[in-house]
**Student:** 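Dropping the structure in here first, questions after.
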Amino acid sequence: MNLFNYFRSIVVQSLKEMSEGGEIPPGLDFSKITVEPPRDASHGDISTNAAMVLAKPAGMKPRDIAEILVERLDLLGDVTRAEVAGPGFINMTLSDEFWGKRLADVLEAGTAYGTGTAGEGVQVNVEYVSANPTGPMHVGHGRGAVVGDALASVLEKAGYSVTREYYINDAGAQVDTLARSLHLRYREALGEDIGEIPEGLYPGDYLVPAGQALAERDGDVWLKVSEEEWLSEIRSFAISAMLDLIRDDLKALGVCHDVFSSERALVDAGAVDEAFSYLQDKGLIYTGVLEPPKGKKPDDWEPRPQTLFRATEFGDDVDRPLKKSDGTWTYFANDMAYHRDKYRRGFTSLINVWGADHGGYVKRMEAGVKALTDGAATIDVKLCQMVNLLEAGEPVKMSKRAGTFITLRSVIDKVGKDVARFIMLTRKNDAQLDFDLAKVLEQSKDNPVFYVQYAHARIHSVLRHASEQFPGIGQDGHELAKARLDRLTDPAELGLIKQMSVWPRIVESAAEAHEPHRVAFFLNDLASHFHALWNKGKDDTSLRFLVEGDEELTRARLALLRGAGTVIASGLDVLGVKPVEEMR
RNA sequence: GGCCCCGUAGCUCAACUGGAUAGAGCAUCAGCCUUCUAAGCUGACGGUUGCAGGUUCGAGUCCUGCCGGGGUCGCCA
């Protein structure tokens, strides 16, 4: 249960009654009313802006509405205090018993706590990674992979029906280049001295094993025929080898997709022609000549007639070409067909996670989706900014040519998948991210992964001690839920429960805003509340978790610990990070 | 030059999609280990949210124009 939604419905109900009773005018719009935790805890536990939002349309003073409303809210069983504050906020404080019950909710639900229904089963397609199948993944791809994966998870937890998808760009010129590069490695595998890799081909070592595999499978058959004859076959071999490589990298990162969509298959199936005639029928296709970009005219610019899509009718800056001068489709045309295909498969909410270098492409894709789905589907493109790799504060120099190129795999091998994933989510997607290979392995509070994991490990450390000192206390969540939770009365204890109770709301808002990083920040906050409580027990021995001679209180505190550990585990699960029970 | 993103404490970043006195960590300073992990905690110091207007009960958040940084810009994908 998201308790803020719960209280919102109570507030709205009260307002309806006030409206029926003539205390406020009828027919007011309640949609802008929010119920939130106040920023300052001294203002109470929950707060609503209802009076301020309604003041103007009701033609009343905010405080007057608030006074009436607060009288009703004050009567609610769980509310110990309701008062008007500031310009017309209503702040409510909830009883300790209420919070005890919320802890019981957590214990009953286990790691399913936070799972919601706000998504109402809406079908969402999250497309992420979609790295070209021409080589292993780099660190930037890794960020997109983690962001997309965590976003998909948080959407699932919020009740959306999610499909994780990878778009394989296997139709462009770059895969022909890949095929030629592989053919070279294949000749090499058969004993030929190929010398330097020519300019324009992929020089990477990762093609060597693929060349050997091809030589083993097919022998020398591709030496005797012309490129025209070998291109297609070797291309598919190369693509599938590169996809294996990428899938391996993704697996190491704990990322998997439900669907791999092939651009080539889509084109072969006529999807582009279909999308094109759809647009043509709507009068959105014409032949025209584009202006050169203002202020930066390419040297070789010459006007030429092109087949254009009227993207400007849907908010783009210029109309966009769909055909090259040789009559073949542009990448954009294929992409249009692909997005129409997603829509036809039943998705009305499309999310694409791209690298920041695709920023210039967003508007035309948005325009495309609007045109192709008649506005029935929405697309949200999350651009991931660069990852700056550092080693103890110094930038790691990377050059493909010098061979100092850092692959995603080498980073995962060095720091582990859990650390890599968590760090990738400690920034919002549109901010640049510093990834310090030394710092992320540090065991200190500078390091958010460690800080959160340590909280979880500490909790389990106490639980282990408890099972020795208090063998009679069952540590199962359902059992602990029956403890005398009203014995938890210290502000730090209640504060921890309150922080835990925010989790369903975080899930909902992170899903709605498409911002998985909020989960990482939440976990940091939660860990901080826990560490604070822990240390309070150092100064004040009566606040320790294990209380000799008071099994009832110990049971209640173990319940609190179990609950906090459960919420941390639930959050880490969304991020795809495994909680640890012991630090080494 | 057009478009997109960013600009918040000395540094790295939050701010619940428009809410109250803008919050954390690092750094600096002052405290806390005979104790379930001090791998942590408590406090102090630190702000004209790049600048100037506008919208409104209320703006870091929305709009306009500047300044600074990054990205991108017709048959590359």
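Proteins get letters first, then strands, A, B, ... in listed order; numbering begins at 1 in each.
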**Student:** Under 3.5 Å, is there any donor-acceptor pair linking the side chain of Asn334(A) to the base of A77(B)?
**Tutor:**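 Absent.
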
**Student:** Considering only A20(B), C5(B), G19(B), which nucleotide approaches the side chain of Val53(A) most closely?
**Tutor:**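 It is G19(B).
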
**Student:** Reckon Ala513(A) touches a base, only the sugar-phosphate, or nothing at all at heavy-atom distances under 4.0 Å?
**Tutor:**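 The answer is base, as Ala513(A) lies within the cut-off (heavy atoms under 4.0 Å) of a base atom.
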
**Student:** Under 4.0 Å from OP1 or OP2 of C41(B): is there any side-chain N or O of Tyr451(A) that close?
**Tutor:**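 The answer is yes; a side-chain N or O of Tyr451(A) sits under 4.0 Å from OP1 or OP2.
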
**Student:** Could you work out which one of U17(B), C6(B), C16(B) sits closest to the side chain of Asp430(A)?
**Tutor:**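 Looking only at side-chain atoms, Asp430(A) lies closest to C6(B).
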
**Student:** Asp357(A) CG to G71(B) P: how many Å, rounded?
**Tutor:**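 Distance, rounded to whole Å: 11 Å.
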
**Student:** Determine the Euclidean distance between corresponding P atoms of C67(B) and U17(B); express it in Å to zero decimal places.
**Tutor:**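 U17(B) and C67(B) have their P atoms separated by 33 Å.
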
**Student:** Please determine, for the side chain of Gln306(A), which listed nucleotide (C36(B), C13(B), G74(B)) has the closest atom?
**Tutor:**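 Selected nucleotide (nearest to the side chain): G74(B).
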
**Student:** Between U55(B) and U61(B), how far is it from one P atom to the other, in whole Å?
**Tutor:**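 U55(B) and U61(B) have their P atoms separated by 15 Å.
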
**Student:** Could you work out the separation of A20(B) and C16(B) based on their P atoms and round it to a whole Å?
**Tutor:**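 Pairwise P distance, A20(B) against C16(B), rounds to 10 Å.
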
**Student:** Let's see if you can work this out: which of C3(B), C5(B), U56(B) has an atom nearest to the side-chain heavy atoms of Asp317(A)?
**Tutor:**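 Looking only at side-chain atoms, Asp317(A) lies closest to C3(B).
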
**Student:** Please determine whether a side-chain nitrogen of the Lys or Arg among Arg555(A) and Glu551(A) lies less than 4.0 Å from a carboxylate oxygen of the Asp or Glu.
**Tutor:**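 Yes, charged N to carboxylate O under 4.0 Å.
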
**Student:** Check whether Phe332(A) forms a cation-pi arrangement with Arg320(A) (NZ or CZ under 6.0 Å from the six-membered ring centre, at most 45° off the ring normal).
**Tutor:**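 Output no; distance or angle outside limits.
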
**Student:** When you check the phosphate oxygens OP1 and OP2 of A15(B), does a side-chain N or O of Lys428(A) lie under 4.0 Å from one of them?
**Tutor:**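 Checking A15(B) against Lys428(A), a side-chain N or O does come within under 4.0 Å of OP1 or OP2.
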
**Student:** Can His531(A) be classed as stacking with the base of G40(B), given a centroid separation cut-off of 5.5 Å and a plane angle cut-off of 30°?
**Tutor:**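 No; centroid distance or tilt outside limits.
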
**Student:** Taking only the C1' atom of each, what is the distance from G1(B) to G19(B) in whole angstrom?
**Tutor:**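 Comparing C1' positions in G1(B) and G19(B) gives a spacing of 40 Å.
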
**Student:** Between His465(A) and Pro38(A), which has a closest nucleotide on RNA chain B that is more 5'?
**Tutor:**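 Result of the comparison: Pro38(A).
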
**Student:** So what does Arg505(A) hit on the nucleic acid, given a heavy-atom distance under 4.0 Å: a base, only sugar-phosphate, or nothing?
**Tutor:**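 The answer is base, as Arg505(A) lies within the cut-off (heavy atoms under 4.0 Å) of a base atom.
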
**Student:** Between C29(B) and U48(B), how far apart are the C1' atoms? Round to whole Å, please.
**Tutor:**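 Here U48(B) and C29(B) have their C1' atoms 27 Å from each other.
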
**Student:** What is the base-pairing partner of A30(B), counting Watson-Crick and G-U wobble geometry with both distances under 3.5 Å?
**Tutor:**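 Pairing partner, where one exists within any strand: U42(B).
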
**Student:** Want to settle it: does Ile46(A) or Ala356(A) sit nearer the 5' end of RNA chain B, counting the closest nucleotide to each?
**Tutor:**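 Final value for this comparison: Ile46(A).
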
**Student:** Please classify the nucleic acid contact of Pro448(A) as base, sugar-phosphate, or nothing, using heavy-atom distances under 4.0 Å.
**Tutor:**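 Answer is nothing: Pro448(A) stays at 4.0 Å or more from every strand.
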
**Student:** Counting Watson-Crick and G-U wobble pairs only, both distances under 3.5 Å, name the nucleotide matched with G65(B), or none.
**Tutor:**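 Result: C51(B).
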
**Student:** Where does U34(B) land, syn or anti, once you apply the within-90°-of-0 test for syn?
**Tutor:**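 Because its glycosidic torsion lies more than 90° from 0, U34(B) adopts the anti conformation.
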
**Student:** Name the orientation class of the two ring planes belonging to Trp354(A) and His358(A) (parallel below 30°, tilted from 30 to 60°, perpendicular beyond 60°).
**Tutor:**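 Trp354(A) and His358(A): tilted rings.
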
**Student:** Quick one: is U37(B) close enough that its OP1 or OP2 comes under 4.0 Å of any side-chain N or O from His460(A)?
**Tutor:**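 Looking at the OP1 and OP2 atoms of U37(B), neither is under 4.0 Å from any side-chain N or O of His460(A).
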
**Student:** Using a 4.0 Å heavy-atom cut-off, does Glu548(A) contact any base of the nucleic acid, only the sugar-phosphate backbone, or nothing at all?
**Tutor:**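 Glu548(A): no heavy atom of the nucleic acid under 4.0 Å.
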
**Student:** Assign Thr426(A) to base, sugar-phosphate, or nothing according to its heavy-atom contacts below 4.0 angstrom with the strands shown.
**Tutor:**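 If one applies the 4.0 Å heavy-atom cut-off, Thr426(A) turns out to touch nothing in the nucleic acid.
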
**Student:** To the nearest 0.5 Å, what is the distance between CG on Leu558(A) and CG on Leu553(A)?
**Tutor:**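 Going from the CG atom of Leu558(A) to the CG atom of Leu553(A) covers 9.5 Å.
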
**Student:** Which one of Val53(A), Val11(A), Leu54(A) satisfies the side-chain contact (heavy atoms from CB on, under 4.5 Å) criterion with Phe30(A)?
**Tutor:**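 Exactly one candidate clears the test, Leu54(A).
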
**Student:** Say you pick atom C1' in C13(B) and the same atom in G46(B); how far apart are they, in whole Å?
**Tutor:**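 So the two C1' atoms sit 16 Å from each other.
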
**Student:** Rounding to an integer number of angstrom, what distance separates U72(B) and U64(B) when you compare their P atoms?
**Tutor:**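 Pairwise P distance, U72(B) against U64(B), rounds to 25 Å.
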
**Student:** Quantified in whole Å, what is the C1' atom distance between nucleotide U28(B) and nucleotide G10(B)?
**Tutor:**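 That atom pair is separated by 10 Å.
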
**Student:** If you check every side-chain atom of Tyr454(A), which of A15(B), A38(B), U17(B) has the closest atom?
**Tutor:**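 Taking heavy atoms from C-beta onward, the closest nucleotide is A38(B).
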
**Student:** Give one of base, sugar-phosphate or nothing for Arg458(A), where a contact means two heavy atoms less than 4.0 Å apart.
**Tutor:**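 If one applies the 4.0 Å heavy-atom cut-off, Arg458(A) turns out to touch the sugar-phosphate alone, with no base involved.
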
**Student:** Tell me whether the NZ or CZ atom of Lys323(A) lies within the 45° cone about the ring axis of Trp329(A) and under 6.0 Å from its centre.
**Tutor:**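 Geometry flag: set, cation within 6.0 Å and 45°.
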
**Student:** When all nucleic acid strands are considered with a 4.0 Å heavy-atom cut-off, which category describes Pro321(A): base, sugar-phosphate, or nothing?
**Tutor:**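 Sugar-phosphate only.
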
**Student:** Please work out whether the ring planes of Phe309(A) and Phe314(A) are parallel, tilted or perpendicular, with thresholds of 30° and 60°.
**Tutor:**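 Correct class here is parallel.
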
**Student:** Which part of the nucleic acid, if any, lies within reach of Ala173(A) when heavy atoms closer than 4.0 Å are counted: base, sugar-phosphate only, or nothing?
**Tutor:**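 Since only primed, P, OP1 and OP2 atoms lie under 4.0 Å of Ala173(A), the category is sugar-phosphate.
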
**Student:** Does any N or O donor sit under 3.5 Å from an N or O acceptor when you compare the side chain of Ser47(A) with the base of A20(B)?
**Tutor:**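 Such a pair is found, so the answer is yes.
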
**Student:** So what's G19(B) paired with, Watson-Crick or G-U wobble, going by both distances under 3.5 Å?
**Tutor:**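 Its partner is C57(B).
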
**Student:** May I ask you to say what Phe450(A) touches in the nucleic acid, namely base, sugar-phosphate or nothing, with a heavy-atom cut-off under 4.0 Å?
**Tutor:**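 Result for Phe450(A) = base.
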
**Student:** With the side chain of Lys56(A) defined as its heavy atoms from C-beta on, choose the nearest nucleotide among A77(B), U56(B), U37(B).
**Tutor:**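 Among the listed nucleotides, the one closest to the side chain of Lys56(A) is U56(B).
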
**Student:** Can you tell me the base-pairing partner of A24(B)? Count Watson-Crick or G-U wobble geometry only, both distances below 3.5 Å, and say none if there is no partner.
**Tutor:**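 Paired with A24(B), as far as the under-3.5 Å criterion goes, is U12(B).
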
**Student:** Closest approach of Asn2(A) and Pro504(A), non-hydrogen atoms and distance?
**Tutor:**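 Minimum heavy-atom contact is CA-CB, 4.1 Å.
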
**Student:** What is the nucleic acid contact for Arg427(A), judged by heavy atoms within less than 4.0 Å: base, sugar-phosphate only, or nothing?
**Tutor:**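 The residue Arg427(A) makes sugar-phosphate contact but no base contact.
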
**Student:** Contact class for Asn49(A) vs. all strands (heavy atom < 4.0 Å): base, sugar-phosphate, or nothing?
**Tutor:**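 The residue Asn49(A) makes base contact.
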
**Student:** Find the distance between CG (Asn352(A)) and CG (Leu383(A)) and round it off to the nearest 0.5 Å.
**Tutor:**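 Those atoms lie 10.0 Å apart.
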
**Student:** From C-beta outward on Ser509(A), which listed nucleotide comes closest to its side chain: U37(B), G74(B), C16(B)?
**Tutor:**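 Looking only at side-chain atoms, Ser509(A) lies closest to C16(B).
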
**Student:** Syn or anti: how is C32(B) classified when any glycosidic angle within 90° of 0 counts as syn?
**Tutor:**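 Because its glycosidic torsion lies more than 90° from 0, C32(B) adopts the anti conformation.
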
**Student:** Report yes or no: is the ring centroid of Phe89(A) under 5.5 Å from the six-membered base ring centroid of G19(B), with the two planes under 30 degrees?
**Tutor:**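 Here the ring of Phe89(A) and the base of G19(B) are not stacked, as the 5.5 Å and 30° limits are not both satisfied.
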
**Student:** Of the nucleotides G74(B), U17(B), U37(B), which one has an atom closest to the side chain of Glu36(A)?
**Tutor:**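 The nucleotide sitting nearest to the side chain is U17(B).
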
**Student:** Can you tell me the distance, in whole Å, between the CZ atom of Phe4(A) and the P atom of C16(B)?
**Tutor:**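 Distance check: Phe4(A) CZ to C16(B) P gives 14 Å.
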
**Student:** Taking atom types as modelled and ignoring hydrogens, do the side chains of Asn5(A) and Glu508(A) form a donor-acceptor contact shorter than 3.5 angstrom?
**Tutor:**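 On atom types as modelled, these side chains qualify, holding a pair under 3.5 Å.
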
**Student:** Between C4(B), A20(B), C6(B), spot the one nearest the side chain of Lys363(A), thanks.
**Tutor:**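 So the side chain of Lys363(A) is nearest to C4(B).
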
**Student:** Taking only N and O in the side chain of Lys382(A), is any of them less than 4.0 Å away from OP1 or OP2 of C5(B)?
**Tutor:**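 So the side-chain polar atoms of Lys382(A) never come under 4.0 Å of the phosphate oxygens OP1 or OP2 of C5(B).
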
**Student:** Can you figure out which of C36(B), C13(B), A77(B) approaches the side chain of Ser461(A) most closely?
**Tutor:**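 Given the options C36(B), C13(B), A77(B), the side chain of Ser461(A) is closest to C36(B).
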
